Amino acid sequence: YFPRGTLPPPYQHDNEELVFVIKGDLEFQYDGAKYVLKPGDCVYFDANMKHSARALGGKAAKALVVEA
């Protein structure tokens with residue numbers, strides 16, 4: 001689950017990452033750009049770039065996150 005409220009500070013780490021949204025709406029920030037992800041949306045990205053996410057609409061979001 002992603003926390004409700006303010007956007008956590010961006011972070012970065014070595015590897016690649018996949019985020020698949022299962023429930024709720026998610027604001028995803030990547031390298032300075034913002035995206036709104038809905039259930040069924042998926043992003044695959046280089047985790048060496050700064051990224052962050054938060055739930056939108058005052059409700060929790062649920063996502064599958066895979067790092068490789």
Side-chain angles (χ1 to χ4, degrees):
Y1 287 89
F2 288 90
R4 297 177 195 169
T6 61
L7 188 66
Y11 58 97
Q12 60 195 82
H13 48 92
D14 290 334
N15 59 16
E16 296 172 348
E17 193 167 328
L18 176 133
V19 176
F20 177 81
V21 180
I22 298 168
K23 179 180 177 182
D25 294 340
L26 198 65
E27 178 184 303
F28 175 71
Q29 288 193 11
Y30 180 77
D31 196 27
K34 293 181 185 180
Y35 306 91
V36 175
L37 305 176
K38 300 197 174 278
D41 288 344
C42 182
V43 290
Y44 178 76
F45 57 94
D46 177 357
N48 288 296
M49 303 299 287
K50 290 184 178 181
H51 58 284
S52 188
R54 71 173 175 151
L56 295 174
K59 298 180 182 177
K62 187 175 182 180
L64 171 68
V65 178
V66 179
E67 295 181 20

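For this chain, numbers begin at 1 and follow the sequence in order. Remember, predicted model here, so these are calculated numbers, not experimental data.
- Checking side-chain atoms of Tyr30 against main-chain N and O of Asp46 turns up a donor-acceptor pair under 3.5 Å.
- Contact annotation: the side chain of Met49 never approaches that of Glu17 to less than 4.5 Å [non-hydrogen atoms, C-beta and beyond].
- The backbone N or O of Asp31 sits nowhere less than 3.5 Å from a side-chain atom of His51 that would complete a donor-acceptor pair.
- With contacts defined as side-chain heavy-atom distances shorter than 4.5 Å, the pair Gln12/Asn48 does not qualify.
- Pairing each heavy atom of Lys38 with each of Asp25, the nearest pair is NZ-OD2, 3.2 Å.
- Of all non-hydrogen atoms in Ala55 and Leu26, the two that sit nearest each other are N-CD1, 4.0 Å.
- Considering all non-hydrogen atoms of both residues, Val19 and Ala63 come closest at CG1-CB, 4.0 Å.
- In the hydrophobic clustering of this structure, Leu56 does not group with Val21; members are Ile, Leu, Val, Met, Phe, Trp, Tyr whose side-chain heavy atoms approach within less than 4.5 Å, directly or through other members.
- Of all heavy-atom pairs spanning Asn15 and Glu67, the tightest one is ND2-OE1, 3.3 Å.
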Item to complete: Show your reasoning for whether ring-ring contact (aromatic ring centres under 6.0 Å, His included) applies to Phe45 and Tyr35.
Response: CA-CA 13 Å; Phe45 57 94; Tyr35 306 91; 9.9 Å; no

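- Listed here is the closest heavy atom pair of Lys50 and Pro10: CB-CB, 3.9 Å.
- Scanning both residues, Phe20 and Cys42, for their nearest heavy atoms gives CD1-CB, 3.9 Å.
- Val36 and Phe28 are not part of a single hydrophobic cluster, where members link through side-chain heavy atoms under 4.5 Å apart.
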